[in-house]
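The structure appears right after this line, and notes come after that.
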Amino acid sequence: MSDLSVGSLDRPRITYEDRERLHGHGGALVWFTGLSGSGKSTIANAVDHTLYTQQRHSVILDGDVVRTGLCNDLGFSPNDRMENIRRIGEVGRLFAQTGTIALVAVIAPYGASRDAVRKAMRPGRFIEVHVDAPLSVCEARDPKGLYKKARAGIIKNFTGLDAPYEVPIEPELRLDTSVLSPDEAAAKVIAVLQSRELI
Ligand SMILES: Nc1ncnc2c1ncn2[C@@H]1O[C@H](COP(=O)(O)OP(=O)(O)OP(=O)(O)O)[C@@H](O)[C@H]1O
Ligand SMILES: [Mg+2]
């Protein structure tokens with residue numbers, strides 16, 4: 001335990017280790033990246049549920065929610081998407097610092113932006129999960145009707161159609177959700193957290 005009796009206001013008196021001891025597990029940032037409809041939110045929810053039942057501390061940062069609050073000033077231009085990823089990465093990093101497992105379900109189409117978040121994290125604490133399903137499968141699912149609108153020209157700059165998605169080169173995990181069920185996919189994420197001894 002850090003020395004709680006001494007210290008100045010400008011120096012943290014509580015360490016990462018102290019917070020993780022309090023929670024009984026490590027903090028991390030798990031980033032679910034992939035096309036709309038690939039299953040990011042669905043799998044993040046399944047992981048969150050499993051962690052909760054194991055009495056782990058987790059939080060979901062979902063793109064849809066974040067865009068109504070923290071990032072409600074941002075659109076979908078390349079610069080705004082980069083800023084969206086940067087802000088969410090920063091919030092996720094802060095959660096991870098408190099010993100929480102932050103589950104980010106955000107498309108994050110740019111490799112360089114994802115890598116910048118990785119670099120800001122302590123080694124081993126960034127877990128990039130490529131939620132991967134063929135575009136045709138995502139489009140057939142179309143849970144929010146977004147592909148239909150994009151095909152009709154109502155939505156412009158839609159990732160995978162008229163805006164790029166840069167496929168992660170070396171993600172910790174690639175989950176093909178046209179093959180794996182949400183529960184099978186979630187179990188693989190839990191296994192990575194276990195193999196890193198975070199839980
Ligand atoms: N194996 C699977 N894994 C995840 N989702 C699946 C799977 N099979 C079918 N689905 C369905 O596909 C849809 C995925 O939608 P979801 O909202 O999770 O995608 P998303 O990646 O979060 O999209 P967006 O970027 O638009 O938020 C859901 O309706 C889900 O029930
Ligand atoms: Mg989602």
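For ligands, and for the atoms within them, numbers begin at 1 and follow the listed sequence.
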If we ignore hydrogens and angles and just use 3.5 Å, is the side chain of Glu128 paired with the main-chain N or O of Pro168 as donor and acceptor?
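Pair absent, no side-chain N/O of Glu128 close to backbone of Pro168.
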Can you check whether Asp80's main-chain N or O pairs, donor with acceptor, with Asn84's side chain at less than 3.5 Å?
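Side chain of Asn84 to backbone of Asp80, a donor-acceptor pair under 3.5 Å: no, none is there.
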In this structure, does ligand 1 have an atom that sits under 4.0 Å from one of the heavy atoms of [X]?
X      : result
Ile107 : yes
Pro182 : yes
Ser38  : yes

Minimum heavy-atom separation for Arg81 to Thr159, with atom names?
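Answer, listing the atom of Arg81 first, then Thr159: NH1-OG1, 2.9 Å.
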For Glu172 against Phe126, the heavy-atom pair lying closest together:
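Scanning both residues completely, I find the closest heavy atoms to be OE2-O, 3.4 Å.
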Identify the closest protein heavy atom to [atom]: which residue and atom is it, and at what distance?
atom                    : value
atom 15 (O) of ligand 1 : Pro143 CG, 3.5 Å
atom 17 (O) of ligand 1 : Ser41 CB, 4.0 Å
atom 27 (O) of ligand 1 : Lys144 NZ, 2.8 Å
atom 18 (O) of ligand 1 : Thr42 OG1, 2.5 Å
atom 6 (C) of ligand 1  : Arg141 CZ, 3.8 Å
atom 25 (O) of ligand 1 : Lys40 NZ, 2.7 Å

So is [X] polar-close to ligand 1, meaning N/O to N/O under 3.5 Å?
X      : result
Leu180 : yes
Gly39  : yes
Gly37  : yes

Relative to ligand 1, is Ser36 under 4.0 angstrom through side chain, backbone, both or neither, heavy atoms considered?
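The part of Ser36 near ligand 1 is both the backbone and the side chain.
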Can you tell which part of Asp62 has a heavy atom less than 4.0 Å from ligand 1: side chain, backbone, both or neither?
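No part of Asp62 is near ligand 1 at this cut-off.
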Residue among Ile88, Val104, Leu29 satisfying side chain to side chain contact (heavy atoms under 4.5 Å, CB included) with Val117
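Of the listed options, the one satisfying the test is Leu29.
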Using a strict 4.0 Å cut-off to heavy atoms of Leu35, name the atoms of ligand 1 that fall inside it.
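Going through ligand 1 atom by atom, the ones under 4.0 Å from Leu35 are 21 (O).
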Using a 4.0 Å cut-off to any heavy atom of Ser181, which atoms of ligand 1 qualify?
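Heavy-atom distances to Ser181 below 4.0 Å select 1 (N).
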Less than 4.0 Å between a side-chain N and a carboxylate O, is that true for Lys40 and Asp62?
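Lys40 and Asp62: not salt-bridged.
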Should Arg86 and Glu83 count as an ion pair when the cut-off is N to O under 4.0 Å?
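Yes, charged N to carboxylate O under 4.0 Å.
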If you look only at pairs with a residue in residues 41-72, which of them pass as a ring-ring contact (aromatic ring centres under 6.0 Å, His included), with sequence neighbours excluded?
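Of all non-adjacent pairs touching residues 41-72, those that pass ring-ring contact (aromatic ring centres under 6.0 Å, His included) are His23-His57, His25-His57.
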Tell me, which pairs form a ring-ring contact (aromatic ring centres under 6.0 Å, His included) where one or both residues lie in residues 141-161, sequence neighbours left out?
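Passing the test, one end in residues 141-161: Tyr147-Phe158.
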Give, for atom CD of Glu166 and atom OG1 of Thr33, the distance between the pair rounded to the nearest 0.5 Å.
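These two atoms lie 10.0 Å from each other.
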Sort by chain and number the protein N/O/S atoms that are closer than 2.8 Å to the Mg ion (ligand 2), and list them.
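For the Mg ion (ligand 2), the protein N, O and S atoms that sit under 2.8 Å away are Ser41 OG.
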No-hydrogen, no-angle side-chain donor-acceptor test under 3.5 Å, Asp176 and Ser178
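Ser178 and Asp176 do have a side-chain donor-acceptor pair below 3.5 Å.
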Which residues end up grouped with Ile190 if you chain together Ile, Leu, Val, Met, Phe, Trp and Tyr wherever their side-chain heavy atoms are less than 4.5 Å apart?
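Once heavy-atom contacts under 4.5 Å are chained together, Ile190 belongs with Val30, Phe32, Ile43, Val47, Leu51, Ile60, Ile101, Leu103, Ile127, Val129, Val131, Leu173, Leu175, Leu180, Val189, Val192, Leu193, Leu198, Ile199.
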Would you say the side chain of Asn72 lies within less than 4.5 Å of the side chain of Arg67, judging by non-hydrogen atoms?
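Heavy-atom side-chain distance check fails, nothing below 4.5 Å.
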